[in-house]
Amino acid sequence: MKEAVVAPGLKVEIIDSPIPKPNPDQVLIKVVVSGSNPKDWKLPDWRNVTANQGDDIAGIVEEVGSNVTEFKPGDRVAAFHEMMSPGGSYAEYAIAWQHTTFHIPQKTTFEEGAAIPLAAMTSAVGLYIQLGLPQPWTPATEPIPLVIYGAASAVGSYAIQLAQQSNIHPLICVAGKSQSHVEKLIDRNKGDVIVDYREGDDALVNSLKKASGGSKLLYALDATSEYNSYVNLSKVLAEGSKLTLVLPPNEGYVFPSHITQTLTRVGSVHSDAKDFGFVYFRFITRGLQEGWFKPQPQEVVHGGLRGIQEALENLKAGKANAIKYVFRIADTEGVE
């Protein structure tokens, strides 16, 4: 099969590889569309490795392991591939654990399915494991202000949608040029607001304080974790607050002692949070079917696997605004 590997220095190469075999608890998926994430260009440099970095799978089940009961060949699925393990989504066939594989409804396209897994689960882990907020089946019964920094990103957008199901309001959403995307997701009637970060850090801090309406800000999900985002949040979060980041903070930065800061690790659903991952991916299937969970808009990059180079360069340059880059594997030269 054709497979794309990403080398340090952001160099993508198409190679011929054997089709992987699932173990008893895994699913082999014929990839129709692969998604992409910023980590796909970052990890090769951070770890000095060359590997298939794709983790967002959408396609058709080809084969299942002996312990798999929920899926069968021919099923339409999406899946979160275990990061840094063989069998990633930048290939004709990919491997996923059964608990991080989920059905997608007929009305959900493969392009939409490929835009969901890693980012949506990052949001869920951040909101419910790290921040400890009320879950959708035991929703909040009183106002809980929540700051979502980077609200137009995939992680931010999915966090808004999950928070809505948990009746968490008001949502204070930090965004820039993609505010129109965020506007479609929030509920102004319940106090949700959008704060523009483009006026500078001082103005943003003042706007966040104003948006709180005098309430203590005790929870923040930083889906950006760059460009002073957590520094700004540290200036507005109250005593006893919780802040979770999606990237490690800059070395040397010390958070104020009154803030409990954590790092949201989506890979935990492949280690100590397997049950959590199992439940939330199935909840997402339900949300897709019922219509309240909406995939982040997608941009199909031409060339299939050969389009990964361009897409990752655009991600690195910060050009992906309120979209996910996805790749149709059949568009790859040499794939039948």
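Just so you know, residue 1 is the first one in the sequence shown, and it goes up from there.
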At their closest point, which heavy atom of Val300 faces which heavy atom of Glu111, and how far apart are they?
-> CG2-CG, 4.0 Å
Do you know which two heavy atoms are closest between Met1 and Pro18, and how far apart they sit?
-> CE-O, 3.7 Å
In sequence, state the C-alpha distance, the side-chain angles, and the governing distance for Ile116 and Asp56, and then conclude on side-chain contact (heavy atoms from CB on, under 4.5 Å).
-> CA-CA 7 Å; Ile116 294 170; Asp56 284 339; over 6 Å; no
What do you reckon, is CD of Glu290 surrounded by more than 12 foreign heavy atoms closer than 6.0 Å?
-> yes
Test of ring centre spacing under 6.0 Å for Phe255 and Tyr253 | yes
What about Val335 and Val326, same hydrophobic cluster or not, with Ile/Leu/Val/Met/Phe/Trp/Tyr joined at side-chain heavy-atom distances under 4.5 Å?
-> no
Give the C-alpha distance, both sets of side-chain angles, the deciding distance and a yes or no for side-chain contact (heavy atoms from CB on, under 4.5 Å) between Leu221 and Tyr219.
-> CA-CA 7 Å; Leu221 172 66; Tyr219 300 98; over 6 Å; no
Just wondering, are more than 12 heavy atoms of other shown residues or ligands nearer than 6.0 Å to CG in Asp275?
-> no
Apply the test salt bridge (charged side-chain N to carboxylate O under 4.0 Å, His left out) to residues Asp201 and Lys235: give CA-CA distance (whole Å), side-chain angles for both, the deciding distance (0.1 Å), then the verdict.
-> CA-CA 10 Å; Asp201 291 342; Lys235 294 176 181 176; over 6 Å; no
salt_bridge(Asp331, Arg306) N-O dist < 4.0 Å | no
Same apolar cluster: Val279 and Val27, side chain cutoff 4.5 Å | no
Check the pair Ile14 / Glu333 against side-chain contact (heavy atoms from CB on, under 4.5 Å), numbers first and verdict last.
-> CA-CA 10 Å; Ile14 311 295; Glu333 186 180 342; over 6 Å; no
Does the pair Trp97 and Val269 meet the rule for a side-chain contact (heavy atoms from CB on, under 4.5 Å), with working shown?
-> CA-CA 10 Å; Trp97 294 93; Val269 299; over 6 Å; no
If you count the non-hydrogen atoms of other residues, nucleotides and ligands that lie under 6.0 Å from NE2 in His258, is the total more than 12?
-> yes
Mind checking whether Phe102 and Phe281 have parallel, tilted or perpendicular rings, split at 30° and 60°?
-> parallel
Mind listing the closest non-hydrogen atom pair of Leu263 and Thr244 along with its distance?
-> C-OG1, 3.9 Å
Using a strict 4.0 Å threshold on nitrogen-to-oxygen distance, state whether Lys319 and Glu299 make a salt bridge.
-> no
Test of ring centre spacing under 6.0 Å for Tyr158 and Phe293 = yes
Ring-ring centroid check Trp292 Phe283, cutoff 6.0 Å | yes
Under 3.5 Å, is there a donor-acceptor pair between the Glu313 and Gln309 side chains?
-> yes
Is a side-chain donor-acceptor pair under 3.5 Å present for Asn232 with Tyr197?
-> no
Going by atom types alone, do Gln130 and Thr262 pair a side-chain donor with an acceptor below 3.5 Å?
-> yes
Test Arg282 against Glu70 for salt bridge (charged side-chain N to carboxylate O under 4.0 Å, His left out), laying out the working first.
-> CA-CA 11 Å; Arg282 279 136 193 83; Glu70 198 176 345; 2.9 Å; yes
More than 12 foreign heavy atoms under 6.0 Å from CZ of Arg286: is that the case here?
-> no
State whether a side-chain donor-acceptor pair under 3.5 Å links Ser229 with Asp222.
-> yes
Any side-chain heavy atom of Glu226 sitting closer than 4.5 Å to one from Asn250?
-> no
For the residue pair Ile95 and Ile57, what are the closest heavy atoms and their distance?
-> O-CD1, 3.9 Å
Less than 6.0 Å separating the ring centroids of Tyr280 and Trp137?
-> yes
Basic-acidic side-chain contact under 4.0 Å: Arg198, Asp196 | yes
